[in-house]
Amino acid sequence: MKKDADMTRYTPAEIEARWQKVWSGNDVFKAVRSADKPKYYVLEMFPYPSGRIHMGHVRNYTMGDVIARYKMATGHNVLHPMGWDAFGMPAENAAMAIGGHPKDWTYGNIADMRDQMKPLGLSIDWSREFATCDPEYYGQQQALFLDFLQAGLVYRKNAVVNWDPVDMTVLANEQVENGRGWRSGALVERRELTQWFFKISDHSEELLDALDTLENWPSKVRLMQENWIGKSRGLQFAFESINAPDGHEKIEVYTTRPDTLLGASFVGISPDHPLAKALERDNPDVAAFCTECRKGGTTEEAIETAEKLGYDTGIRVRHPFDTAHELPVYIANFILMDYGTGAIFGCPAHDQRDFEFATKYGLPIIATYLPSKEADETLTEAYVPAKTEKVFYNRGFAGSAHQTGLEAIDAAIDFCEANGIGQGVTKYRLRDWGLSRQRYWGCPIPVVHCDACGVVPEKKQNLPIELPYDVSFDVPGNPLDRHPTWRDCACPSCGKPAQRETDTMDTFVDSSWYFARFTAPRAATPTNMEDAQYWMNVDQYIGGIEHAILHLLYSRFFARAMHICGHLPASASEPFDALFTQGMVTHEIYMTRDDNDRPVYHLPEDITWTESGARLGADGPLVEVVPSAKMSKSKKNVVDPVNIISAFGADTARWFVLSDSPPERDVEWTASGAEAAFKHLSRVWNMSEKIAGMSGAGEGDEDLLRAMHACIQDVTLGVESFGFNAAIAKLYAFTATLQKSKAGAAAQREAILTLAKLMSPMTPHLSEDIWARHGQEGLITTSPWPVADEAMLVSDTITMPIQVNGKRRAEITVPADMSNEDVEKTALADAAVIRTLDGATPKKIIVVPGRIVNVVV
RNA sequence: GCCCGCGUGGUGGAAUGGUAGACACAGGAGACUUAAAAUCUCCAGGCAGAAAUGCCGUGCCGGUUCGAGUCCGGCCGCGGGUACCA
């Protein structure tokens with residue numbers, strides 16, 4: 001005979017497939033404009049189609065799904081779309097490494113990832129799906145580019161790139177390892193190319209000021225953006241040179257510390273400064289030095305951490321305060337041409353970098369301020385106090401002798417302006433956004449180069465300018481450059497033979513407006529104003545903290561630029577009302593080395609832990625274990641969630657990924673615990689079956705319902721504050737309470753249905769099934785969220801800990817409305833308190849109503 | 001280098017300035033079972049103690065406070081970003 005338990009087991013595979021079919025059959029998640037309900041737009045940062053989803057994706061999309069489903073239950077018209085950030089380098093790398101075509105590779109990956117994602121049961125409106133490599137999308141992006149060009153938001157200028165002199169190609173920063181090209185191994189050089197730029201710097205002030213309005217963004221992200229934009233007030237002035245070549249009689253410098261002018265001991269110019277370039281032409285020594293400076297990659301990190309190199313040009317300049325005081329002019333490798341004027345004065349006493357430079361080249365170190373009047377002027381390192389700290393100016397020239405750096409800077413600017421030595425100016429660290437990429441797999445920049453007309457925008461009716469399919473990756477470089485026919489075209493202006501721009505756009509462009517496109521993904525223009533008006537802004541944006549600066553800043557700029565060109569309403573200038581930055585899912589990295597000592601990475605599933613360490617396979621070679629880092633395909637430290645889903649179901653994966661760690665924190669992936677989550681969901685399902693068969697009255701109905709209302713309250717607050725792990729802990733606790741309860745059938749039934757509803761954002765399939773098996777009407781997905789009854793949340797008595805001198809010594813239970821005086825008396829009458837006091841008289845008694853009592857002796 | 005975070009038991013973590021360790025994993029003991037699995041019950045920060053209880057304890061050092069994991073200052077370690085990885 002078959003046992004009942006066998007017939008009514010929790011079978012997620014069957015349950016999940018069934019309910020997903022019901023949802024999609026009823027178009028439950030299709031977003032349609034409606035005036036009946038408030039709209040709510042939930043968006044998770046869309047994925048790069050690497051081919052496999054990993055636990056970071058599951059975490060990201062599950063969080064968004066919880067919000068989307070919760071908002072649906074609280075009466076909102078929800079838009080929850082999904083797409084693919086599909087252009088980028090890995091597709092070309094794959095084509096080079098394993099053959100094939102970036103397009104086929106990418107669309108194949110998208111199909112695979114969609115297949116892996118759909119079983120998660122996400123509440124996504126798949127009818128809005130698109131990939132940024134769809135010509136329909138990037139054609140609209142080209143239209144935006146043309147509008148931006150017309151509006152003066154785009155221009156061309158020279159900029160430096162990483163140049164591999166062996167492969168003769170431009171390298172991405174990621175392709176430079178220890179200053180060498182990743183394929184050729186050649187020392188990388190910095191080389192100038194003419195490139196397209198967005199004028200984001202024109203919007204520096206606005207992008208900075210508007211940060212204050214982003215109340216629902218994490219303050220750390222706002223702070224990072226503020227520092228990135230880097231507004232500073234300083235002094236710009238010129239040193240007069242004594243013996244510089246013609247045309248370089250004055251050297252303009254910018255400083256944020258004009259108060260240290262009397263501590264100047266040298267002038268430094270960038271190797272890319274016009275003066276350096278002029279000297280380079282005539283002097284082979286200078287040329288050799290500048291060539292040396294241009295070695296290495298373009299990253300700020302590489303430049304800042306490189307050994308400080310200087311070259312004394314022999315040129316001398318006069319100090320603006322004292323024409324007899326001459327300073328040497330050095331070319332220095334750590335000075336950026338992009339910031340300020342590309343020239344500085346060095347004050348070694350108050351800048352560690354200048355200090356090291358001065359020590360190396362035997363330049364004077366002159367303190368201009370000290371901690372106090374008595375302090376020693378001889379410094380062993382740069383003295384760099386906070387600008388808000390009061391110091392003693394031993395070489396001050398403006399303001400009082402005792403003042404803060406900020407006061408001194410203002411006084412120095414005033415003094416200099418009054419004496420005709422330069423002007424106070426505001427500058428920003430933020431540079432214009434270079435969007436040109438010398439690569440195939442990106443959105444073509446829709447312009448044509450004509451010998452007669454110069455740079456000519458493509459006509460909008462010719463869009464999209466589609467990428468040619470017939471390209472090869474057998475030689476390094478951009479295949480568009482050597483394509484036989486694609487490059488040749490007719491000038492849109494004069495019709496004569498001309499050439500297409502072969503640079504494509506930075507993939508950050510693709511991701512800077514996709515959120516707007518989701519509001520009308522099939523529109524024949526970049527957006528549709530009515531849809532944009534209705535759905536924008538994104539009410540809740542969710543994604544990784546690694547995008548805190550670039551992606552979010554570029555998107556904020558794009559929303560403004562799109563408004564200027566009439567593609568978004570002014571109200572969407574800040575496109576993301578609320579931002580949540582989740583932590584990353586990390587994992588150890590397993591590495592061996594090839595014959596050339598280059599790293600080779602291995603998947604966690606290929607590693608076996610033995611007594612002697614981690615090995616590749618059961619008895620393969622030992623592998624190096626590199627500490628945890630963000631899961632990334634290139635490092636192969638990715639864990640495949642598909643195994644967990646097929647073993648335990650999507651609800652288990654969703655429940656587990658939310659339950660174990662706070663969403664904003666990084667989490668080191670471990671597979672243990674997924675099974676426990678499955679057991680818990682089975683327990684809930686079994687309990688539901690048991691309750692479905694119950695009848696009659698019982699004991700403790702009120703206690704059960706009080707616990708239920710407390711749970712409603714806690715889970716609601718938890719979901720609204722992204723405290724998913726804490727909300728789940730409350731659900732565990734309430735499940736235990738319900739399991740032990742002896743309450744009657746009606747109360748238990750109310751409790752299990754409420755539990756199912758509270759769990760439904762996390763475990764939608766299980767909840768749907770419980771709902772149906774209890775004969776409820778309709779879908780739990782579209783049913784309303786429960787509301788906690790205030791009257792059921794208050795209790796008659798409270799338990800208060802009693803501290804003596806801040807240490808917990810006792811606990812008393814008192815009526816909730818007891819006066820402070822009576823609480824004090826009760827506390828002092830407690831046996832443990834009397835024992836601890838040991839006859840001492842309390843000096844002070846602090847009663848925090850409802851919380852704690854502290855007796856101070 | 002610079003900017004921004006984070007650091008709590010064996011593990012993941014909880015804690016509006018108010019009982020540190022909720023909830024869970026791994027572990028231990030027990031019940032049920034011929035046995036195992038499954039399920040259920042209980043224990044569990046460290047040290048001392050039979051226990052009651054006491055002392056110590058949130059990376060380290062110092063400060064503010066009646067009271068600090070939480071706020072402030074200084075270190076150490078780890079992570080993210082650093083403008084061409086996405």
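Residue numbers begin at 1 in each chain, while the letters A, B, ... track the order of the sequences.
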- To the nearest 0.5 Å, how far apart are CZ in Arg156(A) and OG in Ser436(A)? 8.0 Å
- Which stems does RNA chain B form, counting runs of 3 or more consecutive Watson-Crick or G-U wobble pairs with both distances under 3.5 Å? B:1-7 with B:76-82, B:10-12 with B:23-25, B:27-31 with B:39-43, B:45-48 with B:53-56, B:59-63 with B:71-75
- Message: Base, sugar-phosphate or nothing for Lys740(A)? Non-hydrogen atoms, less than 4.0 Å.
- Response: sugar-phosphate
- Is a salt bridge present between Glu664(A) and Lys220(A), judged by a nitrogen-to-oxygen distance below 4.0 Å? no
- Note on the structure: Rounded to the nearest 0.5 angstrom, the CG-CZ distance for Leu207(A) and Arg556(A) is 5.0 Å
- Separation of the P atoms in G45(B) and A22(B), to the nearest angstrom: 8 Å
- Query: Looking at residues at least two apart in the chain, or sitting in another chain, which of them share a side-chain hydrogen bond (donor to acceptor under 3.5 Å, both in side chains) with Tyr383(A)?
  - Reply: none
- Query: NA contact type, Val855(A), heavy-atom cut-off 4.0 Å: base, sugar-phosphate, or nothing?
  - Reply: nothing
- Task: Enter syn or anti for the glycosidic conformation of G28(B), syn applying to angles within 90° of 0.
- Result: anti
- With sequence neighbours excluded, what pairs up with Ser232(A) under the side-chain contact (heavy atoms from CB on, under 4.5 Å) test? Tyr254(A), Thr256(A), Tyr339(A), Lys427(A)
- Classify the nucleic acid contact of His547(A) as base, sugar-phosphate or nothing, counting any heavy atom under 4.0 Å across all strands shown. base
- Query: Quick one: Glu664(A) CD to G13(B) C1', roughly how many Å, whole number?
  - Reply: 12 Å
- Query: Given atom CG of Asp338(A) and atom P of A83(B), what is their separation to the nearest angstrom?
  - Reply: 11 Å
- Item | Nucleotide A24(B), atom P - distance to CZ of Arg683(A) in whole Å | 8 Å
- Using atom CD of Gln438(A) as one end and atom C1' of C84(B) as the other, report the distance to the nearest whole Å. 8 Å
- Given the P atoms of U41(B) and C25(B), what is the spacing between them in whole Å? 12 Å
- Message: For Arg835(A) and Ser661(A), find the nucleotide of RNA chain B closest to each by heavy atoms; which residue's nucleotide sits nearer the 5' end?
- Response: Ser661(A)
- Query: Taking only side-chain nitrogens and oxygens of Lys807(A), does any of them come within less than 4.0 Å of OP1 or OP2 of A68(B)?
  - Reply: no
- Message: Heavy atoms only, 4.0 Å cut-off, all strands: where does Arg429(A) land among base, sugar-phosphate and nothing?
- Response: base
- Candidate list Phe648(A), Phe656(A), Tyr10(A), Trp655(A), test ring-ring contact (aromatic ring centres under 6.0 Å, His included), partner His680(A), passing option: Trp655(A)
- Task: Ignoring hydrogens and angles, state whether a donor on the side chain of Asn158(A) or Thr194(A) is under 3.5 Å from an acceptor on the partner side chain.
- Result: yes
- Query: If you look at every strand shown and take non-hydrogen atoms under 4.0 Å, does Gly434(A) touch a base, only sugar-phosphate, or nothing?
  - Reply: sugar-phosphate
- Roughly how far apart, to the nearest Å, are C78(B) and G54(B) at atom P? 40 Å
- Task: For Ser659(A), answer base if it contacts any base atom (sugar-phosphate contacts may also be present), sugar-phosphate if it contacts only those atoms, and nothing otherwise; contact means non-hydrogen atoms under 4.0 Å.
- Result: nothing
- Item | G74(B) to C4(B) separation - P atoms, rounded to the nearest Å | 12 Å
- Task: Go along nucleotides 15-22 of chain B 5' to 3' and tag each nucleotide: B for a protein heavy atom under 4.0 Å from its base, S when only backbone or sugar atoms are that close, - otherwise.
- Result: -B-BB--B
- Separation between the P atoms of C61(B) and G77(B), rounded to whole Å: 16 Å
- Task: Figure out the CG/C1' separation between Leu430(A) and G81(B), and round it to whole Å.
- Result: 15 Å
- When rounded to whole Å, the CD to P distance for the pair Glu304(A) and G1(B) reads 10 Å
- Message: Categorize Val221(A) for me: base, sugar-phosphate, or nothing, with a 4.0 angstrom heavy-atom threshold over every strand shown.
- Response: nothing
- Message: Looking at the base of C84(B), is there any donor atom on it, or on the side chain of Gln195(A), that sits under 3.5 Å from an acceptor on the other one?
- Response: yes
- Item | Residue met sooner reading RNA chain B from 5', once Ala733(A) and Met224(A) are mapped to nucleotides | Met224(A)
- Gap in Å between the two P atoms, one belonging to U8(B) and one to A83(B), rounded: 31 Å
- Those residues at least two apart in sequence (or on a different chain) that pass side-chain hydrogen bond (donor to acceptor under 3.5 Å, both in side chains) with Asp506(A) are Trp433(A), Arg437(A)
- Message: Please tell me if Asn173(A) has a side-chain N or O lying less than 4.0 Å from either OP1 or OP2 of U82(B).
- Response: no
- Task: Could you give the distance separating A35(B) and A24(B) at their P atoms, to the nearest angstrom?
- Result: 29 Å
- Message: If I pick the C1' atom on C43(B) and the same atom on G9(B), what distance separates them, to the nearest angstrom?
- Response: 15 Å
- Query: Whole Å only: how far is the CZ atom of Phe734(A) from the C1' atom of A24(B)?
  - Reply: 19 Å
- Task: Rounded to the nearest 0.5 Å, what's the gap from OG on Ser555(A) to OH on Tyr514(A)? Could you check?
- Result: 7.0 Å
- Message: Over all strands shown, is Trp433(A) touching base, sugar-phosphate only, or nothing at heavy-atom distances under 4.0 angstrom?
- Response: nothing
- Task: Would you please indicate if the ring centroids of Phe87(A) and Tyr138(A) are separated by under 6.0 Å?
- Result: yes
- Message: OP1 or OP2 of A83(B) versus the side-chain N and O atoms of Arg431(A): is any pair under 4.0 Å?
- Response: no
- Reckon Phe508(A) touches a base, only the sugar-phosphate, or nothing at all at heavy-atom distances under 4.0 Å? base
- Message: Once hydrogens and angles are ignored, does a donor-acceptor distance under 3.5 Å link the base of G1(B) to the side chain of Gln352(A)?
- Response: no
- Message: At 4.0 Å (heavy atoms only), tell me whether Ser436(A) reaches a base, stays on the sugar-phosphate, or touches nothing.
- Response: base
- Aromatic ring centroids of Phe722(A) and Phe724(A) under 6.0 Å? yes
- Message: Any base atoms under 4.0 Å from Pro47(A), or only sugar-phosphate, or nothing? Heavy atoms, all strands.
- Response: nothing
- Item | Trp513(A)/Tyr137(A) aromatic ring centres below 6.0 Å | yes
- Are OP1 or OP2 of U82(B) and a side-chain N or O of Thr299(A) less than 4.0 angstrom apart? no
- May I have the distance from Glu389(A) (atom CD) to G73(B) (atom P), rounded to whole angstrom? 12 Å
- Task: Could you list the residues that satisfy side-chain hydrogen bond (donor to acceptor under 3.5 Å, both in side chains) with Arg294(A), not counting sequence neighbours?
- Result: Asp272(A), Glu280(A)
